[in-house]
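Beneath this line is the structure, given in structure tokens, with notes to follow.
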Number of protein chains: 2
Amino acid sequence: MIISQAVEYSLRAMVMLTQSFEEPVTVQAMAARGQIPAAYLSKLLQGLTRARLVTAQRGVGGGYTLTRPPSQITLADVVNAVEPLQRIKKCPLGIAGHATLCPLHRKLDEAMATIEAAFQATTLDDLGKDTGGPVPLCSTEPIVAINLKMKLPAVNASRG
Amino acid sequence: MIISQAVEYSLRAMVMLTQSFEEPVTVQAMAARGQIPAAYLSKLLQGLTRARLVTAQRGVGGGYTLTRPPSQITLADVVNAVEPLQRIKKCPLGIAGHATLCPLHRKLDEAMATIEAAFQATTLDDLGKDTGGPVPLCSTEPIVAINLKMKLPAVNASRG
DNA sequence: GGAATAATGGACCTGTAATTCCTTTATTTC
DNA sequence: GAAATAAAGGAATTACAGGTCCATTATTCC
């Protein structure tokens, strides 16, 4: 895959936060809607918090919110916060004595440069509106319908 | 990373085979020169053999050879043989009821399409000559010099 | 045919990403 | 201040890519 599971999940979450820019969204809500393991998403969001892309608010009515308007957050911001896509700047074989990369690694780095550029050029806002197709995150159905598929957070359990 | 370690190693090996298109190259030789764990490379080459990109020849003077001229093998061929880069063709969230992808996944798929195109457009032959820079695989030094860094295949041991 | 060379392949180990579980801390509401 | 909500975070587990080891099979050379 071109991006890790962690990045994919993080992007889904960020898109959801974009859609609800005004009010905080809980991990549970995002996990359910984005089909992401809740505990794992929680970890990812902690990372995004440290990267200052989102802020957390505890307690009732709390959840996560974007720190900046979606138009000012790029895909690259998110990707780099989760796991920086590292360009090939020097020969992976560690051979000294030449300045530029060999053709193979130059090609690979070019590919990454292309991706990087595309990610830098795309803001969360772009994802929220740019099309005539389905709304972001594929959710044309009401959220309720999606939640039915989820294992609900234990109706009768003592979950904290 | 944009490509896995397995793909990176495989590409290195294929480039080395390109450089020695006439005569077979052994796993040991490629492992040493490409700084790849020999046993692991062996597995990778077995995969490339099954994918009909290389052929193996056992015994003295044996090794691996490309099945086709380097000009007829693309980066995409190699990548797909090792681990196919899978395009996003339907919504990863499995939500039915819409034909096209949501903006996020459309973007991600676009990125992959770009990579795919670049890989399809580049042959092994391209990597062997296209530049004025360092020769392929960063090796401007004589191979001997590189081998000195390697743990040699046991001068005094009973390795089979 | 025996010795050396080299790929084949199965089994196993290892490190890291992905995931779960549970306890703690902060915040709100009543 | 008690109860409920929600994030924070440590610890452990699982899954899989990456990597090792060793015995086997094929091939060449003498």
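Each chain gets a letter, A, B and so on, in the order its sequence line appears, and its residues count up from 1.
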Please report the C-alpha distance between A/E8 and A/R12 in whole Å, then the side-chain angles of each, then the deciding distance to 0.1 Å, and finally whether the salt bridge (charged side-chain N to carboxylate O under 4.0 Å, His left out) criterion is met.
-> CA-CA 6 Å; A/E8 162 82 38; A/R12 283 187 206 169; 2.8 Å; yes
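Taking a cutoff of 4.0 Å between a charged side-chain nitrogen and a carboxylate oxygen, B/R52 and B/D77 do not qualify as a salt bridge.
For the pair B/A6 and A/T49, nearest-nucleotide mapping onto DNA chain D gives the more 5' position to A/T49. With the nearest nucleotide of DNA chain C identified for both A/V60 and B/M30, B/M30 has the one nearer the 5' end. In terms of position on DNA chain D, the residue among A/G59 and A/A39 whose nearest nucleotide sits closer to the 5' end is A/G59.
B/E23 places its CD atom 16 Å from the C1' atom of C/dT5, with the value rounded to the nearest Å. Nucleotide D/dT13 holds its P atom 19 Å from the OH atom of A/Y40, rounded to whole Å. When rounded to the nearest whole Å, the span between CD of A/Q5 and P of D/dA17 equals 12 Å. In this structure, the CD1 atom of A/I36 is 13 Å from the P atom of C/dA18, given to the nearest Å. Distance, B/L44 CG to D/dG19 C1': 10 Å, rounded to whole Å. Remark: P of D/dT27 and OH of B/Y64 are 13 Å apart, rounded to the nearest angstrom. Atom CZ in A/R12 sits roughly 12 Å away from atom P in C/dA18 (whole-Å rounding). Atom CG of A/L41 is separated from atom P of D/dA7 by 9 Å (rounded to the nearest Å).
With contacts defined as side-chain heavy-atom distances shorter than 4.5 Å, the pair B/L17/B/M30 qualifies.
Within the structure, every side-chain polar atom (N or O) of B/Y9 is placed at least 4.0 Å from both OP1 and OP2 of D/dG18.
Put simply, the side chain of B/K43 and the base of D/dG19 share no donor and acceptor less than 3.5 Å apart. Side-chain to base pairing of A/R58 with C/dT25: one donor and one acceptor N or O lie within less than 3.5 Å of each other. A donor and an acceptor atom sit less than 3.5 Å apart, one in the side chain of A/Q46 and one in the base of D/dG9.
When the nucleotides D/dT28, C/dT28, C/dT8 are ranked by their closest atom to the side chain of A/Q57, C/dT28 comes out on top. Side chain of B/A56, nearest nucleotide from C/dA7, D/dA6, C/dT20: C/dA7. Listed nucleotides: C/dA6, D/dG9, D/dA7. Nearest to the side chain of A/V27: D/dA7. Which of D/dG9, C/dA7, D/dA7 sits closest to the side chain of A/R50 comes down to D/dG9.
A side-chain donor-acceptor contact under 3.5 Å links B/T49 to the backbone of B/L45.
Of the listed residues (A/N80, A/V78, A/L85), just one forms a side chain to side chain contact (heavy atoms under 4.5 Å, CB included) with A/F119, and that residue is A/L85.
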